[in-house]
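A short write-up of the structure that comes next.
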Amino acid sequence: MLSTLKRSFSTSARRMSAAIITDNVRPQPDKVLRDIADYVHDYKIESPVAMETARLCLLDTLGCGLEGLKYEQCSRLVGPVVPGTVVPNGTKVPGTSHQLDPVRGAFSIGTIIRWLDFNDCWLAAEWGHPSDNLGAILAVADWQSRTAKATGGKEGKQFKVKDVLEAMIKAHEIQGGLAIENSFNKVGLDHVVLVKVASTAVVSKLLGLSKEQTIDALSHAFVDGQALRTYRHAPNTMSRKSWAAGDACSRAVNMALHVRNGEQGMPSVLTAPTWGFYDVLFKGKEFTFQRPYGSYIMENVLFKISYPAEFHAQTAVEAAMTLHSKLQALGKTAEDIESIRIRTQDAAMRIIDKKGPLYNYADRDHCIQYMVAVPLIHGRLTADDYTDAVASDPRIDALREKMVCVEDQRFSTEYHAPDKRYIGNAIQITLKDGTVLDEVEVNYPIGHRMRREEGTPVLLAKFERHLQGRLGADRTKQIIAKSNEKVGELDVDEYVDLYC
C-alpha cells in the first residue's frame, strides 16, 4: 500500500513538473503592467487643477515630514544604516543633515512623511496615502540632480520641481486608481503594496528606464513579499504602520535600480496560474478598474488639514469639536456625559472602532473613540495628544466606555460614490440629566475637494507651522517665498537644500 502511494505521488509530481516545463512559453506582459507603463511614459499632465493640488500636496507632505522628526522614535529610524555615512551627491533628507544613497533616502523620507498620519489620503475599496510616494520620488530626483551637476551631466539627470509634481500626480493616479475597486485589506494585505507599485512605476521613468524595463520593474513590485495589515489592527497595532510606507518606497527604488542594471522581469506575475499574484494573494480575482488613468486622484485627493487623525475619523473629530463648544455653552463638561452614539461608515467600523486598552501612540491614533474623547474633554486634537502623558488621563478611557459605534448605510454608500467620496460621521450626546444634545453630522472634512477653497489657507497655515517648528522663522520665510505657484521652475536639489 505504501509503495503504491509513493508511486502515485511520484507520478503526480512528474506530471506537475512536466506541465510547468511544457507551458514554459514566455507570455506577453499582463495588461495591468502594460497600462501602467503606458500611462507613466506617454500620458501628458495638462490639468491646472492637478498641478496646483500637487503643489499644495508637496508642501503639506514635506511639512508633515518635518513635524514627524519632533518625535524621537521617528528620528531614530532615519539616516544611514552605518552611523556617520555620507554619500557624495546622495539624497538629502529634509529637516536633517543626512545625505544618503537613494534606497535608504527613500526609506527615510517616506518614514518621516508618514509618521504622524497627517499627510493626504485616498479612500475607496482600499485606503491609503498617495503622498507616501514622495519618499521614492524625491529621493531619486534629488540624487539624480546632484549627480548630474557634480558630473557635468555625464551621469544622472537634472530635474525641476515640476518633474516631481508630475511624478506625484502619476503616482497618486496609479495608487488611487488601483484602490477604487480592489480591496487589498479584505485579503489581509496592507495598502503599502500600492505605494510600492506606484513608486516603482514613476521612479523607473525618472531613472530613464524604457517602457519595457518599467514593466519588468513593476513585476518585481508585485512579486515582492507583501506586507500584512497585522500592525494596523488590534491587538497588534504598533509603530511599524508609521514606517511601512518608507519601507515600500525603499523597495521600489531598489527594484527599479536592479532592473536598470539588467535584471529581467516576470511578464505574467499577476495572471500566472498557481504562482501569480491573483492566485496566491488575491483569491483568484483579477483587478477591476472604474476609470482610465488620468489626473482624477490628485484632483480629488483628501488633505488632513486640522487633525492628525486616521482619516475615517476626521469628520468625527470635527463634530466632537463642535460638541465641545456646545457643552461649554451649557456650562457642562465631558464628565456630565452619560452616553455617546457615533454614526459612521463601514470602513471606520472595520479599522478604528476599538474597545479595551490602548498600548501606544499607534494604537490611539487608530481608535475613533479616543479621537472623539480628547476633543470632547480638551477642545483639541494634536499629535501630542496620542502620547502616554495625555493618554494617562483616566477621563479619556472613562469616556470611551460610554461610546457606541453604529454603521450608517448612507455614509457607507456615499463613501464609495464617485461624485461624492464623502467620509461622514455623526455624534449624538446624552447627558446624565437626561438632556439629549442635537446630533452633529459632518459629511466631509475640511480637506475634501468640496471644501478646497476653504481648506487651502488652513493647509498653508499648517505648512508654515510645521516649518517654523523645525527650521525657525528666517528659513520659514525663505521657503514660503520660494514655494509659490512658480516653485515648479526650481531645480529639485536647490529646493531640497532649503529644508536641510
Side-chain angles (χ1 to χ4, degrees), residues 40 54 57-58 61-66 68-69 74-75 77-81 85-115 119 129-150 155-168 170-172 174-175 192 195-209 217 221 243-261 490-500:
V40 168
C57 186
L58 174 67
T61 307
L62 289 171
C64 288
L66 296 178
L69 284 165
C74 174
S75 62
L77 285 169
V78 305
V81 173
T85 301
V86 176
V87 177
N89 310 317
T91 297
K92 288 190 176 181
V93 180
T96 77
S97 60
H98 299 310
Q99 189 161 13
L100 312 171
D101 69 85
V103 175
R104 188 64 186 171
F107 174 86
S108 296
I109 298 172
T111 294
I112 66 173
I113 286 169
R114 191 83 274 280
W115 193 258
N119 57 326
H129 309 271
S131 62
D132 290 350
N133 295 285
L134 184 63
I137 294 166
L138 193 62
V140 168
D142 187 37
W143 163 58
Q144 287 283 284
S145 295
R146 294 183 193 282
T147 300
K149 286 185 177 179
E155 298 178 25
K157 180 181 178 181
Q158 180 63 55
F159 290 104
K160 299 286 187 180
V161 173
K162 178 183 177 182
D163 299 312
V164 169
L165 300 181
E166 290 180 348
M168 290 176 68
K170 292 186 175 182
H172 271 60
I174 294 165
Q175 178 172 346
V192 295
V195 176
K196 185 168 16 178
V197 169
S199 286
T200 299
V202 295
V203 163
S204 293
K205 175 73 181 305
L206 293 175
L207 288 170
L209 272 61
W243 56 263
D247 182 60
C249 287
S250 68
R251 288 174 177 270
V253 175
N254 194 45
M255 288 181 287
L257 289 171
H258 282 326
V259 171
R260 190 176 75 161
N261 291 334
L490 300 178
D491 289 351
V492 168
D493 55 309
E494 293 178 3
Y495 187 63
V496 170
D497 281 342
L498 295 173
Y499 292 79
C500 298

| At what distance, to the nearest 0.5 angstrom, does CZ of R251 lie from OG1 of T200? | 11.0 Å
| remark: Residues V203 and A256: closest non-hydrogen pair is CG1-CB, 4.0 Å
| message | I want to check something: taking the side chain as every heavy atom from C-beta on, are V192 and D247 in contact at a cut-off of under 4.5 Å? | response | no
| query | How long is the span from the CG atom in L138 to the OG1 atom in T61, to the nearest 0.5 Å? | reply | 10.0 Å
| R146/D497 ion pair, N-O < 4.0 Å | yes
| query | Would you say Q99's side chain and G90's backbone share a donor-acceptor pair under 3.5 angstrom? | reply | yes
| said: Can you tell me how far apart CE (M168) and CG (D163) are? Round to the nearest 0.5 Å. | reply: 13.0 Å
| remark: Closest heavy-atom pair, W143 versus N89, reported as atoms and distance to 0.1 Å, is CD1-O, 3.4 Å
| said: Any non-hydrogen side-chain atom of V103 less than 4.5 Å from a side-chain atom of S250? | reply: yes
| remark: Smallest heavy-atom separation, L77 atom then F107 atom, equals O-CE2, 3.6 Å
| request: Report yes if some heavy atom in the side chain of C249 is under 4.5 Å from a heavy atom in the side chain of V195; otherwise report no. | output: yes
| Is the shortest heavy-atom distance from the side chain of S131 to the side chain of H172 under 4.5 Å? | yes
| remark: Taking every heavy atom of V40 against every heavy atom of A201, the minimum-distance pair comes out as CG1-O, 3.6 Å
| query | L100 versus S108: any side-chain heavy-atom pair under 4.5 Å? | reply | yes
| said: Quick one, K162 and E166 - any side-chain contact, counting heavy atoms below 4.5 Å? | reply: yes
| field | Closest contact, heavy atoms only, S75 versus V78 | value | O-CG2, 3.4 Å
| said: Could you work out, with side-chain contact (heavy atoms from CB on, under 4.5 Å) as the rule, every residue matching D491, not counting sequence neighbours? | reply: K149, Q158, K160, D493, E494
| message | Side chains of H98 and P80, heavy atoms from C-beta outward: is any pair under 4.5 Å? | response | yes
| What's the spacing between Q144 CD and L207 CG if we round to 0.5 Å? | 5.5 Å
| field | Test ring pair (Phe, Tyr, Trp, His ring centres under 6.0 Å) applied to F159 - qualifying residues, sequence neighbours left out | value | none
| said: I need the L257 CG to D101 CG distance, nearest 0.5 Å. | reply: 9.0 Å
| task | Give, for atom CD1 of I113 and atom CG of L134, the distance between the pair rounded to the nearest 0.5 Å. | result | 4.5 Å
| note | What one should report as the nearest heavy-atom pair of A106 and A139 is N-CB, 3.6 Å
| task | Using side chain to side chain donor-acceptor pair (under 3.5 Å) as the criterion, list what pairs up with Q175, not counting sequence neighbours. | result | N133
